[in-house]
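Just so we're clear, the structure is a prediction, and the values are computed from it rather than from any experiment. The figures that follow rest on heavy atoms only: side chains count, while hydrogens, waters and symmetry mates do not.
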Amino acid sequence: MSAAVKAAISIRNLSYTYMAGTPLATPALDGVSLRVNAGEIVALVGQAGAGKTTLLQVCDGLLRPPATGMVQVLGIDTAEPQALSRLRLRVGLLFQRAEAQLLERFVGDDIAFTPRQAGLPRDEVRERVRQAMQAVGLDFEEFKDRRTFNLSGGEMRKVALAGLLASRPELVLLDEPTAGLDPESRTSLLEVVRRLRDQGATIVIASSSMEDLPGLADRLIILNHGRVAAEVPGADVWRYGPLLRAQGLDLPELCSIVEHLADRGLDLQPRSLDPDGIAEAICRIWTS
């Protein structure tokens with residue numbers, strides 16, 4: 001991309017160790033440097049323990065970076081004393097365990113929490129809650145007065161995402177967002193991600209699964225034992241099967257099909273990595 005494109009996240013030589021200086025010290029990040037451009041969807045991929053969650057939480061300000069390394073988020077150095085308050089409404093993080101970020105007894109109150117903390121007018125808060133619930137597929141009248149902790153795991157995930165949407169962040173950080181969701185809910189969530197990008201948000205997705213990322217992410221940044229191991233363009237991820245497998249990652253089934261055909265001399269060059277895009281590519285070759 002052009003150097004003129006603004007960076008939503010800029011990280012240089014970041015290392016992070018949990019319980020540093022104790023016998024239980026556990027390194028999580030080791031010299032990470034990366035950049036996420038404004039308006040991108042970037043996926044952080046890697047096996048469990050690769051450092052994905054730690055990296056998201058540093059970007060959100062939940063974990064303060066150590067003295068070494070630099071982390072700038074939306075132009076703000078996260079080491080600054082007031083960084084967390086300055087980023088509070090501009091950055092939204094969806095935890096891997098949605099129940100860990102639910103605070104209020106009733107669904108509507110939980111989704112309204114951040115807009116209320118920002119001092120927005122009552123009518124605007126209510127409208128934001130309504131729109132956010134609609135975006136994630138929760139009926140406003142049916143769910144607003146439901147008890148939050150009586151919901152199913154999938155419904156909790158939707159409430160947590162709606163709470164994030166209600167704050168209308170510029171930067172959205174999603175930690176394993178589709179884990180445990182049924183196919184319909186997963187499809188709906190990914191559609192929300194696409195709409196957020198269309199509305200101008202920058203999105204970073206951490207995932208140990210490659211299944212939903214090709215055709216969604218502009219770039220995939222592969223983490224391995226706290227280090228950046230490689231970077232792969234999302235549109236051509238099927239060309240990097242050997243590299244991904246070496247990192248313990250598997251191509252999604254559709255990408256494996258495209259890779260398999262390319263190995264046999266049939267380079268589809270699909271315009272999109274979904275069934276329609278691959279079918280269109282096959283038809284284009286057959287009729288050429």
Side-chain angles (χ1 to χ4, degrees), residues 1 32 34-37 39-53 55-56 94 96 157 172-198 201-225 227-288:
M1 288 193 179
V32 169
L34 59 84
R35 173 187 171 110
V36 176
N37 292 302
E40 277 192 300
I41 297 179
V42 171
L44 304 174
V45 296
Q47 294 182 309
K52 305 182 298 295
T53 295
L55 192 51
L56 289 188
L94 180 68
Q96 183 174 351
R157 183 71 57 88
V172 177
L173 310 172
L174 305 174
D175 194 357
E176 301 283 359
T178 61
L181 295 183
D182 61 74
E184 182 178 355
S185 296
R186 188 174 71 222
T187 299
S188 297
L189 186 145
L190 295 175
E191 200 52 49
V192 170
V193 171
R194 291 186 176 91
R195 287 202 300 271
L196 283 170
R197 197 261 296 274
D198 291 344
T202 304
I203 301 161
V204 180
I205 303 170
S207 180
S208 55
S209 169
M210 294 284 296
E211 194 61 40
D212 301 311
L213 301 177
L216 176 69
D218 299 302
R219 291 185 292 130
L220 281 66
I221 297 174
I222 303 167
L223 295 179
N224 191 333
H225 292 98
R227 297 183 177 184
V228 174
E231 184 177 312
V232 172
D236 295 325
V237 66
W238 57 273
R239 298 186 186 275
Y240 296 86
L243 183 152
L244 293 167
R245 293 186 188 99
Q247 300 297 326
L249 299 166
D250 291 322
L251 283 175
E253 186 173 357
L254 284 175
C255 292
S256 295
I257 292 171
V258 177
E259 178 193 42
H260 183 77
L261 292 174
D263 289 343
R264 283 152 182 76
L266 187 62
D267 192 351
L268 296 183
Q269 298 186 10
R271 295 190 176 96
S272 61
L273 291 172
D274 55 33
D276 290 341
I278 293 172
E280 186 269 340
I282 293 172
C283 292
R284 186 173 65 247
I285 289 176
W286 280 350
T287 57
S288 61

Report the C-alpha separation of Leu213 and Ser207 in whole Å, then their side-chain angles, then the decisive distance to 0.1 Å, and conclude whether the side chain to side chain contact (heavy atoms under 4.5 Å, CB included) test is met. CA-CA 9 Å; Leu213 301 177; Ser207 180; 4.3 Å; yes
Which heavy atom in [X] sits nearest to a heavy atom in [Y], and how many Å separate them?
{"X": "Leu189", "Y": "Pro177", "answer": "CD1-O, 3.5 Å"}
{"X": "Ile222", "Y": "Leu249", "answer": "CG2-CD1, 4.1 Å"}
{"X": "Asn37", "Y": "Thr202", "answer": "O-CG2, 3.5 Å"}
{"X": "Gln247", "Y": "Ala229", "answer": "OE1-CB, 3.7 Å"}
{"X": "Lys52", "Y": "Ala206", "answer": "CB-CB, 3.8 Å"}
{"X": "Leu34", "Y": "Leu55", "answer": "CD2-CD2, 3.7 Å"}

Please determine whether side chain to side chain contact (heavy atoms under 4.5 Å, CB included) holds for the pair Ile203 and Leu174, giving the CA-CA distance in whole Å, both sets of side-chain angles, and the decisive distance to 0.1 Å. CA-CA 8 Å; Ile203 301 161; Leu174 305 174; 4.1 Å; yes
Which residue, Arg35, Arg219, Arg197, forms the side-chain hydrogen bond (donor to acceptor under 3.5 Å, both in side chains) with Glu40?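 Exactly one option meets the side-chain hydrogen bond (donor to acceptor under 3.5 Å, both in side chains) with Glu40, and it is Arg219.
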Under 3.5 Å donor-acceptor, Asp182 side chain and Ser185 backbone: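 Confirmed, Asp182 side chain pairs with Ser185 backbone.
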Would you say Glu176's side chain and Ser208's backbone share a donor-acceptor pair under 3.5 angstrom?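 Yes, because the side chain of Glu176 sits within donor-acceptor range (under 3.5 Å) of the backbone of Ser208.
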One pair to check against side chain to side chain contact (heavy atoms under 4.5 Å, CB included): Leu220 and Glu231. What are the steps and the verdict? CA-CA 6 Å; Leu220 281 66; Glu231 184 177 312; over 6 Å; no
Working to the nearest 0.5 angstrom, can you tell me the gap between Leu173 CG and Leu94 CG?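 Here the rounded value is 9.5 Å.
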Tell me, with the steps shown, if Ile205 and Leu44 meet side chain to side chain contact (heavy atoms under 4.5 Å, CB included). CA-CA 6 Å; Ile205 303 170; Leu44 304 174; over 6 Å; no
Taking the side chain as every heavy atom from C-beta outward, state whether [X] and [Y] have any atom pair closer than 4.5 Å.
{"X": "Trp238", "Y": "Ser256", "value": "no"}
{"X": "Leu223", "Y": "Val45", "value": "no"}
{"X": "Pro242", "Y": "Glu259", "value": "yes"}

Is the shortest side-chain N to carboxylate O distance from Asp250 to Arg245 below 4.0 Å?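 No, Asp250 and Arg245 are not salt-bridged.
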Is the number of heavy atoms from other residues, nucleotides or ligands under 6.0 Å of Arg227 CZ greater than 12?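 Counting neighbours around CZ of Arg227, 12 or fewer heavy atoms of other residues, nucleotides or ligands fall under 6.0 Å, so no.
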